[in-house]
Each structure stands twice: as structure tokens, then as C-alpha cells.
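Below, chain A is the first sequence line, B the second, and so on; all start at residue 1. Since the model is a prediction, treat every value here as computed from it, not as a measurement.
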2 protein chains.
Amino acid sequence: MRTNDTVRAIGHCGQCEQCEHCSARSQSICSVIDQRDLHQLALHSQKIEIPSGRCFIEEGETARDFFIVTDGHAKLFNLLPDGRRQITGFADCGQFLGLASIENYAFSAEALTSLRVCRFSHIGMSLLKTQFPALERRLLEEASSELVRAQARMLLLGRKTARERLASFLLERQEVAPRSDVLILSMTRTDIADYLGLTIETVSRTLNAFRRDKLIEIDHITSIKLLNLTEIRLLADGEGF
Amino acid sequence: MRTNDTVRAIGHCGQCEQCEHCSARSQSICSVIDQRDLHQLALHSQKIEIPSGRCFIEEGETARDFFIVTDGHAKLFNLLPDGRRQITGFADCGQFLGLASIENYAFSAEALTSLRVCRFSHIGMSLLKTQFPALERRLLEEASSELVRAQARMLLLGRKTARERLASFLLERQEVAPRSDVLILSMTRTDIADYLGLTIETVSRTLNAFRRDKLIEIDHITSIKLLNLTEIRLLADGEGF
DNA sequence: CGTCTGTTTGAGCGCGTTCAATAATCGTGG
DNA sequence: CCACGATTATTGAACGCGCTCAAACAGACG
């Protein structure tokens, strides 16, 4: 069973084997690691269940482990002493956690929903890397695309208007959504605000402005339907109104 | 000569062998690559001089090369269609350029001063990586610390005030400065503004407010002396006034 | 000396914030 | 099932930080 779990953690996204997104991710790592060697990976990993709301990585602590999300959602964030918070990313199924750390974790992580992760010790990870050079390559790839995303977020935080930020956010959520037109948000308005560098009031006002402009439909607080994708894309790219 | 240049590019920072910062960087990569193999690296690299103001990486172009800065300074940035710009980082001596790209470059890069870089083709880099697994490990380390920096910048752009941003900027520049108390800035006020998500006017006003508060001394537009480091640190961490 | 570019300074404005009140949503127990 | 309290979201009114627009100033270079 442990072997199976790890295969899922590294190769497949446990919960959703039908999921296009996750199986696409899994492809790249499954293809580089020989199936016969997979049981070896299992020896170095451990499956963990984390309840919603639990903080499982704390900024500043020595970075001993490395995680891969296999089910559920988490938020990663940084804090200022007075409580101001910046969410640097949301981790969805298949995502790696712990790349942004050297000796200590450079961020905190908290489960948004009940969460399943596969945990690897850094020591075990090092052993794995020497055994499977392809793993290191895979991690570098992941770090690269993480960096690309980080730059896009800096552009957003530094230069985009509130409307543009929310439009970008909706499109980003759409990319990881199972159904393309309806988003199920697992985060609160406060989380969205802290992710986009805004206040909850502005998030709320802007979303309702979108609704009035017939760009979206808000069926429920957590369920948003994208009506005018073309216009949302224009907005997100800074060419909207 | 080519061999020597590459040794410098990967191992040492050409111009400044006395420089504490650069030799510290070089240590980590020199130690993992056998001296006898260094001439092999040379076959895959090429030294390039870039005049000040020249744009040598353009966002969206196919990412064929990988760079290491050996002398001078560069700025990396992203643009919105209407010209709004976010500088995502400044590249100083010893820094890697090109990690944040998958198939295409995700950013543009322009020389701030006359610049020297060592260029590696991605193809050559792949060959090198299989030959020197330690190189891949080194790149992953570099990507990790880049990610850590990116998160700090998101916190800055999303949640810090103008004063806090400028204080953080000054400290960041101090870290790469040869003399610890006097900064020589190679970028214009416009660049600083685009780096911190502010306008040139706010940058100018805030710096002069710092001068009035006796936190800094502005000898020349490009030369800033840090007077009250304690207070600047407090400000940067969000605990100042 | 004038020209060009980059910086500083001033005055007024506006986007997003802050503060405050209301409304919706969820969980819980009777 | 509804009543109740706690939490989260929405809406309104007023403020203020940083922006915009505009003018004056400084430095570099021919």
C-alpha cells in the first residue's frame, strides 16, 4: 500500500486519476523513473492526512521535509510582525512544496481543505536524487515553472489594478479547475485579498462589479461561473476597461 | 583563454577575485567540479560583452541560452501591453540568468552598465548536466534561493508601505555592495520605482524624507550612505515608523 | 552656452483603504 | 426542523497614501 501511495504521490494524483491536469503532470515524472524502481521510492516517503485549517509548515523552522500534495488544497504565505499577510501561492493536487527553502522554510503553509500529502525527508530526497538523476531534473523543471509564475505575480502585485488582479486570479483558478467554466473556490475572501495584495472589501466590491458587468455569475460564495472569458482575458492582460 | 573565461564564469567572478561575495558564490560550484574537467565546460560556453542599455533577453523569445553575469549589472523585467513595467530583479556579478524560462524566456533583460556575461546554449547545458550531475544540483540550489527571494518580493509588493519598500531596497543593495555603508546605485529612479511597484515621484520623495530623518545621506544621486542601519532594518521588517 | 535626460518639488486627485453597519452563511444544539 | 450565535461577506461613507499632472531644477555632454 505504501508503495502504491508513493507511486501516486510522485506519479499520479491519488484522488483523481481521470483528472486531465494531474495525469499530465504525472506523465513527466512517471516517464523518467523506471517502474521497477518505484518501490524504492516508497521506502523514503510517508503519506499524511492534514485537517482543514492546520498549519503544517511554519516559516523559519528547519526544512527537514519536502511535500507533494495528493489531494485537497493548501495556501502558502509570508507574514509581517504586525500580522500583514501575503499569500504567495495556492498548492493544488500534484504540486511540490518545499522548493523555496534552503536551511529553513521561507514560508508557512496551511491546509485550506482537508489535505493529503506525501512527505519526503530531505535526507531521503538526497539519496533518491543520486539514485535517480532524473528526479533532480524534474525538480529543476518544477522550480523553473514556479519562478515563471512568481514573476507573473510580481507584475500583478506591483503594477496591476484591482480589476486586473481579480481577472487574473479567476483565470488562474480556471486553469486548475476540473470544469472549465465554473470555479469552485476553496479559499475565503480574506485569502483572495491576501493573495492579490488587496483588502476583502475591494475583493468583494470588484467581484460584484464583475457580476453587474455580466463578466461572471456568483451562484454561491464559493462558486463562480465565467460568462465572458474574452473580456476577462483582456482585463487580466491589462487591455480591458 | 576561453577555458579561463569559463572557469571564471562558473567558478569565479572575473572582475573581482578579491570580492567576498563572488568568491563565496564561486566556492560552491568550484568544489563540485573537478579541475581537470573544467576545460570541457569551456567548449560549451562563450564570453560576451554587452553595452549599457542593450536588451539581450526578450520576453517570449525561444529560450536557447543560459547566462552567468561575470561583470556589471543588469535588470530583469516584465511588461504589460500599455507599457507598465515590473522589474523582477537586478542581476549582479555571479548571478544566473535564464532559470525562469521553460520553452520561452518569461522575462526581458537589459544591461544597466556595460556588462560581461558567459553564455551557455541550453543544448550544451544539457550535455554538461549529464556529465556533471553536480551542476544540476547547483542550479536547483540557485533556483531555490531565487524562489525564496521571489516570495520576499511578493510580500513587499503586496503588503509593504512606500517607506518599508525603500528601506528593504536599501538593505538589499547593501548585501551586494563592496563597501557596507555606502551604496553605489547603478539604476535610475525609474528603475527603482519599477522594482518596488511605486512611481519615481514617490521614490524621490521617500528617499528625501529618509534624508531629513537622518536615516541616510545622499552624496550624489547614485551614491547613498546608510546612517541609521538599525532603524532602516526595523522599517524594512514593518516595525518602523 | 543650450539641449537633453533624469530628478526634485508642489498641488490636487482618485483608487483602494479604513471604519462601521448590515446581511448572508454555516455550524450547533434543542 | 428552526432558533441562535459566530463567522464571513457585502455595502456605505469618508479618509489618506501614493498617483497624476505640471513646473522647476540639476547634471551630463557636445
Tell me the interatomic distance from [X], atom [atom1], to [N], atom [atom2], rounded to whole angstroms.
| X | N | atom1 | atom2 | result |
| --- | --- | --- | --- | --- |
| N208(A) | dT8(D) | CG | C1' | 14 Å |
| D191(B) | dT5(C) | CG | P | 16 Å |
| I218(B) | dG6(C) | CD1 | P | 18 Å |
| R189(A) | dA23(C) | CZ | P | 19 Å |
| I200(A) | dA21(C) | CD1 | C1' | 13 Å |
| L157(A) | dG16(C) | CG | C1' | 15 Å |
| L207(A) | dG16(C) | CG | P | 14 Å |

task = Take nucleotides 17-30 of chain D nucleotide by nucleotide from the 5' end and write B, S or -, depending on whether a protein heavy atom sits under 4.0 Å from the base, only from the sugar-phosphate, or from neither.
result = -SSBB---------
key: Distance, nearest 0.5 Å, that separates CG of L198(B) from CZ of R189(B)   = 13.0 Å
key: Residue pair R163(B) / T161(B), side-chain donor-acceptor N/O under 3.5 Å   =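 Per modelled atom types, R163(B) and T161(B) side chains form no pair under 3.5 Å.
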query = Who passes salt bridge (Lys or Arg N to Asp or Glu O under 4.0 Å) against D191(A), sequence neighbours left out?
reply = K75(A), R85(A)
request  = Taking the side chain as every heavy atom from C-beta outward, state whether Q174(A) and I232(A) have any atom pair closer than 4.5 Å.
outcome  = no
Is the backbone N or O of [Y] less than 3.5 Å from a side-chain atom of [X], with the two atoms forming a donor-acceptor pair by type?
| X | Y | answer |
| --- | --- | --- |
| S52(A) | L112(A) | yes |
| S204(A) | I200(A) | no |
| R165(B) | L196(B) | yes |

Within 45° cone of Y195(A) ring axis and under 6.0 Å: R153(A) NZ or CZ = yes
Inter-end axis angle, the helix from dC1(C)-dG30(D) to dG30(C)-dC1(D), with every axis fitted to five base pairs (rounded, 10 degrees) =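 If I round to tens, the end axes sit 40° apart.
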